Amino acid sequence: MMQTPTIPEIIQLIPLKSYLILSTALFVIGIIGVLIRRNAIVIFMSVELMLNSVNLLLIAFSSYKSDPSAQVFVFFIMAVAAAEVAVGLAIIVMIYRNTRTIDINFLNKLKG
Amino acid sequence: MNLNEQLEHISQSLTGIVPELFLAAFFLIFLIAELLLLRFGDKAHTNRRLFLITLAGAVLTLVLILGQWNSEPSFRFRPLLFLDSKAVFFKILIVLAWLFTWLHIRLLRYTFPPELSALLIAAVLGMFLLTMATHWLTVYLSLELLSISSYLLVAYSPSKKAAEGGLKYLLFGAISSAIMLYGISLIYGLTGTLDFTDPAMRLALATNSPFVLNMAMLMTLGGLLFKLSLVPFHVWTPDVYEAAPTPLVSFLSVAPKAAVLLVLMRVATSWPAELLPLLGGIALVSITVGNVTALWQQNARRLLAYSSIAQAGYLIVGVVAFNQLGFEGATFYTAAYLLLNMTAFLLVDLLQPRSETQLATYAGLGKKHPWIAVILTVVMVALAGLPPTVGFTAKWLIFSALWDSYQQAGQPWLLWLLVGGIINAAISLAYYLRLPYLLFFKSTSVTPSTPIYLVWGRVVSGLLLGAILLLFFKPELLMQWINNVSP
C-alpha cells in the first residue's frame with residue numbers, strides 16, 4: 001500500500017494490514033451469521049456487523065491515504081443503515097402480529 | 001477551487017437538477033396534502049383528488065425533464081452527478097413507466113393506501129439520481145433511496161403475502177448492499193478515489209492482479225446486480241413478484257433496471273476491460289438460469305419473474321459487446337423491454353383481474369376474451385424475440401453488436417455468449433407459449449371472475465399492440481432518438 005508522508009505517527013502504530021484482517025474477519029462473521037441464524041433480528045444484527053466492518057475498513061484506508069472522502073462516506077453509511085433497520089423492524093413487527101414468530105423458517109408461503 | 005468558485009458551482013448545480021428538486025418537494029407536498037385531505041375532505045373524493053395530484057406531478061416532471069433535453073453534458077456537484085442526454089433519455093423512460101403504472105392501477109380499479117403513491121415518488125427520485133450518478137457515494141445513496149422505497153412498496157401493499165415478500169426483499173437487499181460497500185471500500189483502498197469516471201481509478205485498478213481485480217469488481221457490482229436481478233443476486237425476484245400486487249411488480253420489474261443499466265454502462269466505459277468477461281459470464285448464467293427455471297412455474301407472475309431474470313441477462317449483453325452499436329442496442333432493448341414487460345403484466349391482470357395469477361385459472365379464457373388473449377400471445381412472442389415484433393428488433397441489435405465485437409476482438413467467450421443467447425431464446429419459447437396454449441387450447445375449469453375492464457382496457461391494449469408492431473416495422477422512430485443521445 002502506498003503511504004503519503006503526512007500520516008501522523010499515532011496512526012502508523014497499527015499497520016494497515018491489521019485493519020484489513022480485522023475488518024475482513026468481522027465481515028465474514030457477519031456473513032456466517034446471516035447464513036446460519038434463523039432469527040430475523042439476529043440476521044439484522046449480522047448485517048449491521050457487515051456494514052460496520054466496511055466502515056472500519058473505509059476509515060483505515062482514508063487515514064492512511066490522508067483523504068477525507070471515505071470518512072464522509074462512513075457517515076452516510078451509518079445514516080442509511082439506520083433507515084434500513086427502521087424499515088426492517090417495522091416489517092418484522094408486521095410479521096410477528098400475523099404469525100407470532102420471527103423465525104425465518106416459518107416464512108415459507110412463497111416458494112418455487 | 002476557492003470558496004467563491006465553489007459557491008458558484010453549487011448554485012449552478014442546483015439549477016441543473018430541477019426535476020430532482022421538484023420531486024423531492026413533491027414528495028413532501030403529497031404527504032401533507034394527503035394528511036389535509038384525509039382530515040378535512042370527505043372520504044369519497046380523497047382518492048380521486050390524490051390521483052389527480054399524482055398525475056399532475058408526473059406530467060410536470062416529464063415536462064421538466066424534456067426541458068433538460070438540450071442541456072450540455074456537464075457535472076453537477078462535481079464529481080457526484082453527471083447529466084448528459086443519455087441520463088435524460090433514461091429518465092423519460094422511468095417517468096413513462098411511472099405513468100404506465102398509474103394507468104394500470106386506474107384501469108383495474110386497485111384501491112391502494114395513499115402512502116403508496118408517495119413511496120412511488122420517492123422511488124422515482126432515487127432512480128433519477130441513479131441515472132446521473134458517477135461517484136460511488138451517489139450510486140450507493142440513490143440505490144438505497146430506491147431500495148428502501150421499494151421494500152416499503154412491497155411490504156405495505158394490501159396483499160396477504162406482502163410482509164413475507166417484503167422481509168425477504170429487505171434481507172437480500174441489505175446483504176447485497178453490504179457486499180457492494182465492502183467491494184467499494186476495497187476499490188477505494190486500491191485506488192484512493194471513489195469517483196469511477198476518474199482516469200486515476202482505471203489506471204490504479206489495472207495494476208492489480210486479475211484475482212484481486214475480479215473479486216473487488218464482482219463485490220462492488222453486487223448492489224447493481226441485485227437491482228438488475230442477475231445471478232447470483234437474483235434469489236429475491238420470484239418471491240417478491242409473487243407477493244406484491246401486479247401493477248407494482250410491473251413497475252419494479254422495469255424502471256429500476258433501466259436506471260441501473262445506465263450506471264453499469266458508465267462503469268463499463270471507465271473500468272478496465274477485465275470487467276467484460278465477468279459481465280459476460282453473469283449474463284450467460286442469468287439467461288440460462290432464468291429460462292430453465294421458468295419452465296416449471298405454476299404462477300404467471302413467478303413465470304414473468306424468471307423471464308425477467310433472463311431478460312436482464314440479455315440487457316447487459318449489449319454492454320458486454322462494448323461498442324457503439326452495443327450501447328445503442330442495450331438502450332433500445334431497455335425501451336422495448338419496458339413496453340413489452342409492462343404490457344404483459346397489464347394483460348395478465350386484465351384477464352384475471354386482481355387475482356393471484358395462478359396459471360391454471362387462465363385455462364380457456366381465450367374464447368371469452370379473444371382480443372386481449374391474442375394481444376397477450378403477441379406480447380409473449382415478442383418477449384421470446386420472434387418477428388414481427390419489437391422484441392425481435394431488440395435482440396437482433398444486441399446480437400449483431402456482439403457479433404461485431406467478436407469479429408474485432410476474436411475472443412472465444414464472446415462467441416459462446418452469442419451461441420448461448422440464441423439457444424436460450426429458443427428455450428424461452430417453450431414457456432412463453434404456455435400461457436397462449438392455456439388460453440386457447442384448454443377448456444375452462446373454473447368459473448371466470450367477472451371482467452371489470454370494459455372498453456378502455458381493450459383500447460389501451462390495442463394501442464400497445466400497435467406500438468409493439470410499429471417499432472418492428474419502423475425501429476428508426478426510436479433509433480433516431482437513441483442515436484442522438486449516444487454521441
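Sequence lines set the chain letters: A, B, ... in the order given, protein chains first and strands last, and positions in each chain run from 1. Remember, predicted model here, so these are calculated numbers, not experimental data.
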- request: Please test K168(B) against I104(A) for side-chain contact (heavy atoms from CB on, under 4.5 Å), starting from the C-alpha separation and ending with a verdict.
  value: CA-CA 9 Å; K168(B) 284 182 176 171; I104(A) 56 164; over 6 Å; no
message: With a 4.5 Å cut-off on side-chain heavy atoms, are E164(B) and N98(A) touching?
response: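 No - every pair of side-chain heavy atoms lies 4.5 Å or more apart.
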message: By the ring pair (Phe, Tyr, Trp, His ring centres under 6.0 Å) test, which pairs, at least two apart or in different chains, include something from residues 9-34 of chain A?
response: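 As it turns out, the ring pair (Phe, Tyr, Trp, His ring centres under 6.0 Å) pairs with a partner in residues 9-34 of chain A, which skip direct neighbours, are F27(A)-Y182(B).
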Contact origin within [X] toward chain B - heavy atom pairs under 4.5 Å:
{"X": "T24(A)", "answer": "both"}
{"X": "S46(A)", "answer": "neither"}
{"X": "I43(A)", "answer": "side chain"}

Taking all non-hydrogen atoms of both residues, which atom of [X] and which atom of [Y] are closest, and how far apart?
{"X": "I92(A)", "Y": "L167(B)", "answer": "CG1-CD1, 4.0 Å"}
{"X": "A178(B)", "Y": "V54(A)", "answer": "O-CG2, 4.0 Å"}
{"X": "D67(A)", "Y": "G192(B)", "answer": "OD2-O, 3.7 Å"}
{"X": "M94(A)", "Y": "A155(B)", "answer": "CE-O, 3.2 Å"}
{"X": "F61(A)", "Y": "L186(B)", "answer": "CE1-CA, 4.5 Å"}

Side chain, backbone, both or neither: which part of [X] has an atom under 4.5 Å from a heavy atom of chain A?
{"X": "Y156(B)", "result": "neither"}
{"X": "L145(B)", "result": "neither"}
{"X": "L170(B)", "result": "side chain"}
{"X": "L181(B)", "result": "both"}

message: Nearest 0.5 angstrom please: L51(A) CG to I175(B) CD1, how far?
response: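 Result: 10.5 Å between the selected atoms.
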message: Checking P15(A) now: which residues fulfil side-chain contact (heavy atoms from CB on, under 4.5 Å) with it, not counting sequence neighbours?
response: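 Testing P15(A) for side-chain contact (heavy atoms from CB on, under 4.5 Å), a comparison that skips the adjacent residues, returns S18(A).
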field: Option among I59(A), N55(A), L57(A) that satisfies the side chain to side chain contact (heavy atoms under 4.5 Å, CB included) test with S185(B)
entry: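 The single option meeting the side chain to side chain contact (heavy atoms under 4.5 Å, CB included) with S185(B) is L57(A).
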message: Taking every non-hydrogen pair under 4.5 Å, which of L137(B), V240(B), T193(B) racks up the most with chain A?
response: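 Maximum pair count with chain A is reached by L137(B).
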query: More than 12 foreign heavy atoms under 6.0 Å from CZ of R434(B): is that the case here?
result: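 It does: R434(B) CZ has more than 12 such atoms within range.
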message: Can you confirm whether M78(A) is buried at CE, in the sense that more than 12 heavy atoms of other residues, nucleotides or ligands lie under 6.0 Å from that atom?
response: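 Result for CE/M78(A): enclosed.
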field: Sequence neighbours excluded - side-chain hydrogen bond (donor to acceptor under 3.5 Å, both in side chains) pairs with any residue from residues 78-93 of chain A
entry: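 For residues 78-93 of chain A, and leaving out neighbouring residues, there are no side-chain hydrogen bond (donor to acceptor under 3.5 Å, both in side chains) pairs at all.
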field: Residue selection (most heavy-atom pairs with chain B, distance under 4.5 Å) from G30(A), S62(A), A79(A)
entry: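 Option with the top pair count is S62(A).
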task: Against chain B, work out which of A40(A), A70(A), A60(A), A90(A) has the most heavy-atom pairs shorter than 4.5 Å and name it.
output: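 Among A40(A), A70(A), A60(A), A90(A), the one with the most close pairs to chain B is A70(A).
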message: Checking an interface table here. Which of residues 31-39 of chain A come within a heavy-atom distance under 4.5 Å of chain B?
response: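 The residues closer than 4.5 Å to chain B, in numerical order, are V34(A).
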message: With side-chain contact (heavy atoms from CB on, under 4.5 Å) as the criterion, how do F73(A) and W136(B) come out once you've worked through the C-alpha distance, each side chain's angles and the decisive distance to 0.1 Å?
response: CA-CA 9 Å; F73(A) 203 144; W136(B) 283 117; 4.3 Å; yes
